[in-house]
*Asks:* 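I'd like to ask you about the structure that follows.
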2 protein chains.
Amino acid sequence: MERPELPLQQLHAFVVLAEELHFGRAAARLGIAQPPLSQQIRRLEGKVGYALFSREPGRIGLTAAGRELLPAARHALTHLAQGLTAAREVGSGRAGHLRIGFAASLALTVLPSLLRTFRERFPAVDLDIQEMTTTPQLAALRERTIDIGLLREPPARDAELGFETVLTEPFVAVLPASHPLAAQRAVQVEQLADCPFVLLPRAVGPPLYDQIAGLCIAAGFTPQVAQHAVEWQTVCALVGTGLGVSLAPESIRRIRLEGVAFRRIEPDTVRTRVAVAWRKNDPNPLVPGILAALNQDPPGTP
Amino acid sequence: MERPELPLQQLHAFVVLAEELHFGRAAARLGIAQPPLSQQIRRLEGKVGYALFSREPGRIGLTAAGRELLPAARHALTHLAQGLTAAREVGSGRAGHLRIGFAASLALTVLPSLLRTFRERFPAVDLDIQEMTTTPQLAALRERTIDIGLLREPPARDAELGFETVLTEPFVAVLPASHPLAAQRAVQVEQLADCPFVLLPRAVGPPLYDQIAGLCIAAGFTPQVAQHAVEWQTVCALVGTGLGVSLAPESIRRIRLEGVAFRRIEPDTVRTRVAVAWRKNDPNPLVPGILAALNQDPPGTP
DNA sequence: CGGAGTGATATCTCTAAGCGTATGGAGCGT
DNA sequence: ACGCTCCATACGCTTAGAGATATCACTCCG
């Protein structure tokens, strides 16, 4: 790309004059006097190297070179004007797009209401949402692959990322419907001591895993993991087949599956935190926007 | 179309910086020092109203607004560069297009060689050729519908149009092959006195018509027009059916038709002039080009 | 022949902006 | 702690060019 040689202002004058074919009117449309317009055109012609208009007394017209330059000038001007307003829309936060990573377990609780209220306030914004577990979300935020994360059990503090708790929820026991404990309204955690467990791998969200394990340990046993699954959806399905039991955040109750029962646990002192995460230095004006949307719309009331 | 607000130079700097993502290298590519580049970007951001780059130490990147503006800036710059070179090509006469009107009778003589030599010298030029008789050509030239005319018997002089004779040619008699006179090598014009004539209407080219009529009158008779036809092609076809005879410029010999004979006439003192016509004030640099091509390539040697 | 309309020229002013050099200051590596 | 890289800032110089006003030149027309 070489250095631009034609000042935009002169091109604007050129386009207007090409439309009016009359120096006086064109100058009026441009809001300037006639002599400056003559100068502009003259300068532009000087830079192009050839006449752009044929001036015969009484009628002026485009030359062949002028006809060639006109569409390019028009394109450039309109493109730039559009690009500029688009950039301003985006800059002001009225438009743009936002890439959101979210934990699958929130697809049925936090996410729907968030999307709804955000779309109301920023109708021109495209939201790209993708399911990711906690650890990949943190990495994606740092790599700028996503702009917003919705995750569980965020780190306490981070130099680069900001976090804000969206909601806290207790854990529930996930049981096969046929399981004897499913007959109770609530389950003592220690009653699960001898059951095989279905859990998410620790790697996808160590803090959450540790919380669950911690619940068991507090109840006096170490959970025997019979099977790992990467999504809560799958965990529930496996529990439904009788493969084992699980402990999960309450919001997965929304996953309604044949043959799976959810029961309160006792004690339910431990709660899992769901937080929104963002880059502290993100210049995208939509980031404050979505944080505001989250605060305005108290989640948990989907 | 509103007033352009973004100087092209700054947009250029913006695009280069967006590619390099490094002030030092971008400045080097632009051939300037680094501080001026910082200024350019700063000014541009000032005009847009929002930051275009996120500057964190060690890594700079486009903001959302910058990503929005970038393609527009690129488009504008490349479009303008292309338009500028195209305009210069056209201005210098290396490219462009030329609308040529020509008399049908020249389709087989002057035109082919002219097109060939012109295409050699100006390969990037598009030629739009259209068949027109003399009078419409003059009108089309004045209305700027065509740029070049190839016509017969031009007016002697004209305030607006220039003419230059391309070739002169004698008239020949056009006879049915079965006609008694077709047995002779040459025909005396007065021998046609009693034959019905097939001629072009006077309106499509009064001077040519008057020349033909003049030939007859000089031979002592007034031609009896049995039939008018608008093209020489048709005239010959009608002659071939035995409808009459005609007098025509020699170049229509090229129209080879079953049952039509062409014969020299005596006296052959009168010649018809074929001329090229153009607007004297036409700024199109191709006009001199085509005149030069006509002179370089002596017509009549197709 | 004179006036209207139209565009070119001449002259002046003023501002924006482009560039350079010098310098400051924040990270980052050794 | 030191130096290095990289970007921002400050300051000064210089110029292109955008604008205005006044005037001239040409054409057309009544």
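Nothing here was measured: the structure is a model prediction, and the numbers come from that model. Order of the sequence lines fixes the chain letters, A, B, ..., with proteins taken first and strands second; residue numbering starts at 1 for each chain.
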*Asks:* In whole Å, what is the span from the CG atom of B/Leu6 to the P atom of C/dG18?
*Replies:*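 Roughly 12 Å, once rounded to whole Å.
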*Asks:* Does B/Leu141 reach the side chain of B/Ile146, with side-chain heavy atoms less than 4.5 Å apart?
*Replies:*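 Touching, per the 4.5 Å side-chain cut-off.
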*Asks:* I'd like to know if B/Gln39 reaches the base of C/dA17 with its side chain, counting only an N/O donor and acceptor under 3.5 Å.
*Replies:*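 Checked by distance alone, the answer is no.
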*Asks:* Under the salt bridge (charged side-chain N to carboxylate O under 4.0 Å, His left out) rule, collect the residues that match up with B/Arg43, sequence neighbours excluded.
*Replies:*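 If we apply the salt bridge (charged side-chain N to carboxylate O under 4.0 Å, His left out) test to B/Arg43, skipping adjacent residues, there are no hits.
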*Asks:* Is there a side-chain contact between A/Leu30 and A/Glu20 (heavy atoms, below 4.5 Å)?
*Replies:*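 A side-chain contact is absent here, since even the closest heavy-atom pair is not under 4.5 Å.
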*Asks:* For Watson-Crick and G-U wobble pairs within 3.5 Å on both distances, what is DNA chain D written in dot-bracket notation, | included for inter-strand pairing?
*Replies:* ||||||||||||||||||||||||||||||
*Asks:* With the side chain of A/Pro36 defined as its heavy atoms from C-beta on, choose the nearest nucleotide among D/dA20, C/dG20, C/dG7.
*Replies:*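 Shortest atom-to-atom distance from the side chain points to D/dA20.
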*Asks:* Apply salt bridge (Lys or Arg N to Asp or Glu O under 4.0 Å) to A/Glu19 and A/Arg29, showing your working.
*Replies:* CA-CA 11 Å; A/Glu19 284 167 0; A/Arg29 249 183 69 183; 2.9 Å; yes
*Asks:* Polar pairs (N or O, both sides) under 3.5 Å between protein and nucleotides 4-6 of chain C?
*Replies:*
from: C/dT6; atom 1: OP1; to: A/His22; atom 2: NE2; distance (Å): 3.2

*Asks:* With sequence neighbours left out, what residues match B/Asp128 under salt bridge (charged side-chain N to carboxylate O under 4.0 Å, His left out)?
*Replies:*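 Partners of B/Asp128 under the salt bridge (charged side-chain N to carboxylate O under 4.0 Å, His left out) test: none.
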*Asks:* Check the distance between C/dA10's P and A/Gln34's CD and give it to me in whole angstrom.
*Replies:*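 Those two atoms, CD and P, are 14 Å apart.
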*Asks:* Distance alone, cut at 3.5 Å: any donor-acceptor contact between the side chains of B/Thr165 and B/Arg273?
*Replies:*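 B/Thr165 vs B/Arg273: donor-acceptor pair found between side chains.
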*Asks:* Which residue pairs satisfy the ring-ring contact (aromatic ring centres under 6.0 Å, His included) criterion with at least one member in residues 46-75 of chain B, sequence neighbours excluded?
*Replies:*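 ring-ring contact (aromatic ring centres under 6.0 Å, His included) check on residues 46-75 of chain B returns A/His79-B/His75, B/Phe14-B/Phe53.
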*Asks:* If you apply the rule salt bridge (Lys or Arg N to Asp or Glu O under 4.0 Å), what do you find for B/Arg202 with B/Asp210, and how did you get there?
*Replies:* CA-CA 8 Å; B/Arg202 184 169 185 277; B/Asp210 293 346; 2.8 Å; yes
*Asks:* Contact between B/Leu286 and B/Ile148 at the side-chain level, heavy atoms closer than 4.5 Å - yes or no?
*Replies:*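 B/Leu286 does not reach B/Ile148 side chain to side chain.
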*Asks:* Distance check needed: C/dT21 P versus B/Ile32 CD1, whole Å only.
*Replies:*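 It is 12 Å, rounded to the nearest whole Å.
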*Asks:* If you compare every side-chain N and O of A/Ser38 against the phosphate oxygens of C/dG7 (OP1, OP2), does one of them come in below 4.0 Å?
*Replies:*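 Answer is no, no contact under 4.0 Å.
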*Asks:* Between B/Glu20 (CD) and D/dT5 (C1'), how many Å, whole number?
*Replies:*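 Nearest whole value for this atom pair: 16 Å.
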*Asks:* With respect to the side chain of B/Arg42, which nucleotide from D/dC7, D/dT9, C/dA8 is positioned closest?
*Replies:*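 When the side chain of B/Arg42 is considered, D/dT9 is the closest of D/dC7, D/dT9, C/dA8.
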*Asks:* Which atoms of nucleotides 14-17 of chain D (N or O only) lie under 3.5 Å from a protein N or O atom, and what are those distances?
*Replies:*
from: D/dG17; atom 1: OP1; to: A/Lys47; atom 2: NZ; distance (Å): 2.6

*Asks:* How many whole angstroms separate atom CG of A/Leu37 from atom P of C/dG7?
*Replies:*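 Rounding to the nearest Å, CG of A/Leu37 and P of C/dG7 are 9 Å apart.
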*Asks:* Just by modelled atom types, is the B/Leu52 backbone N or O under 3.5 Å from a matching donor or acceptor in the B/Thr63 side chain?
*Replies:*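 Present.
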*Asks:* What's the CZ-P distance between A/Arg55 and D/dA25, to the nearest Å?
*Replies:*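 My rounded result for the distance is 19 Å.
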*Asks:* Compare all side-chain heavy atoms of B/His12 with those of B/Leu77 and state whether any distance is below 4.5 angstrom.
*Replies:*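 Touching, per the 4.5 Å side-chain cut-off.
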*Asks:* Could you state the CG-P distance from B/Leu21 to D/dC6, rounded to the nearest angstrom?
*Replies:*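 Going from CG in B/Leu21 over to P in D/dC6 covers 14 Å.
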*Asks:* Measure from CG on A/Leu30 to C1' on D/dA18 and round the result to the nearest Å.
*Replies:*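 My rounded result for the distance is 12 Å.
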*Asks:* Does a donor on one side chain sit under 3.5 Å from an acceptor on the other, for A/Thr134 and A/Glu153?
*Replies:*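 Not at all, the side chains of A/Thr134 and A/Glu153 share no donor-acceptor pair under 3.5 Å.
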